[in-house]
Amino acid sequence: MKRILLIVLVLFGIQTQAQQAVPYFCCDSITYWTDQSQGFNIGLDTSNIVHNPDSIDVWWSVCTDGLCYSGDGMYDYFPQVTTSDTLKVGYDVYIYENGVLVEVCTMEDWLVFDQNSLSWVLLNMIPTSINELTFNRVNDNKIYDLLGKELNKIPAGTMYIKNNKLYISK
């Protein structure tokens, strides 16, 4: 009898471990969309979600100029936002399966309105450029000490800079 009880307990433990080994990751498959109309329209895109949850709760937050606005639902509209704003957009998504909360997804992005594409884009996705720096090296024979202070004459026994080169006087 003890053997049978031990075998049943071991099998039950293996079955429980097998059930726990399957992760429920949906957060990587959730994205959101925006619309460039007056105000700010945003919605959740679950077309690539890997599971089939029975319900999803979405809580939005949109911040601009030190003010934050909240909303809920699969999509929401924020009329306070203009295309000249820099937005901090966040969402919390609660995913339920069989009436049980199985996952919470949280995301936060910075968005700006791109006048070229007429759409909201991630702040770190806007191409920027820095022009190549050019130095006009002038050899004017001026003398400087190591701190960059201009000197009138070459000091004896010290280091000095002349025409971007370091010298030591004797």
Side-chain angles (χ1 to χ4, degrees), residues 1-137 147-148 164:
M1 184 68 174
K2 288 182 181 180
R3 273 190 176 169
I4 294 173
L5 185 59
L6 181 62
I7 292 172
V8 169
L9 288 175
V10 168
L11 289 175
F12 181 72
I14 291 172
Q15 176 69 21
T16 303
Q17 287 178 354
Q19 288 175 349
Q20 291 176 351
V22 179
Y24 191 96
F25 295 119
C26 283
C27 293
D28 290 344
S29 60
I30 294 176
T31 59
Y32 61 89
W33 55 265
T34 61
D35 185 12
Q36 67 270 17
S37 63
Q38 183 64 30
F40 182 68
N41 289 295
I42 190 166
L44 197 69
D45 179 9
T46 59
S47 59
N48 294 324
I49 200 164
V50 293
H51 290 280
N52 190 18
D54 55 3
S55 66
I56 297 175
D57 289 335
V58 183
W59 298 92
W60 298 100
S61 66
V62 174
C63 300
T64 177
D65 294 328
L67 298 173
C68 291
Y69 310 100
S70 62
D72 62 289
M74 289 299 284
Y75 65 91
D76 211 336
Y77 173 66
F78 298 92
Q80 308 89 341
V81 174
T82 65
T83 55
S84 63
D85 291 331
T86 299
L87 302 180
K88 183 178 182 181
V89 175
Y91 66 73
D92 293 318
V93 176
Y94 298 85
I95 300 173
Y96 296 89
E97 196 167 278
N98 298 322
V100 177
L101 178 66
V102 291
E103 191 166 9
V104 177
C105 306
T106 301
M107 178 66 76
E108 195 171 89
D109 286 324
W110 287 92
L111 302 178
V112 294
F113 191 78
D114 182 19
Q115 295 294 337
N116 295 327
S117 65
L118 296 178
S119 63
W120 292 94
V121 295
L122 290 172
L123 184 60
N124 60 352
M125 297 300 286
I126 297 174
T128 60
S129 67
I130 298 175
N131 294 331
E132 188 76 24
L133 297 176
T134 57
F135 295 101
N136 294 330
R137 298 193 184 248
L147 298 175
N164 296 319

Can you list the residues that meet the side-chain hydrogen bond (donor to acceptor under 3.5 Å, both in side chains) rule with [X], with sequence neighbours excluded?
X	answer
Ser55	none
Asp65	none
Ser70	none
Asp109	Tyr32

Leu111 and Val121: side-chain contact (heavy atoms from CB on, under 4.5 Å), yes or no, with the steps? CA-CA 5 Å; Leu111 302 178; Val121 295; over 6 Å; no
Could you work out, with side-chain contact (heavy atoms from CB on, under 4.5 Å) as the rule, every residue matching [X], not counting sequence neighbours?
X	result
Thr86	Trp110, Val112
Gln80	Tyr69, Phe78
Tyr94	Asp57, Trp59, Asp92, Tyr96, Leu101, Val104

Please list all pairs meeting disulfide (SG to SG under 2.5 Å) that have one or both residues in residues 47-97, counting only residues at least two apart or in different chains.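 The answer is Cys63-Cys68.
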Could you go step by step and tell me if Tyr75 and Asn41 meet the side-chain contact (heavy atoms from CB on, under 4.5 Å) rule? CA-CA 7 Å; Tyr75 65 91; Asn41 289 295; over 6 Å; no
Nearest heavy-atom neighbours spanning [X] and [Y]:
X	Y	value
Asp85	Trp120	O-CZ3, 3.6 Å
Leu44	Trp60	N-CZ2, 3.7 Å
Gly99	Asp54	N-OD2, 3.0 Å

With a 4.5 Å limit on heavy-atom distance, are the side chains of Phe40 and Val89 in contact?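 Yes. Closest side-chain heavy atoms under 4.5 Å.
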With side chains defined as the heavy atoms from C-beta onward, is the minimum distance between Ile95 and Cys105 less than 4.5 Å?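 Answer yes - side chains close enough.
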If you look only at pairs with a residue in residues 67-82, which of them pass as a salt bridge (charged side-chain N to carboxylate O under 4.0 Å, His left out), with sequence neighbours excluded?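 For residues 67-82, and leaving out neighbouring residues, there are no salt bridge (charged side-chain N to carboxylate O under 4.0 Å, His left out) pairs at all.
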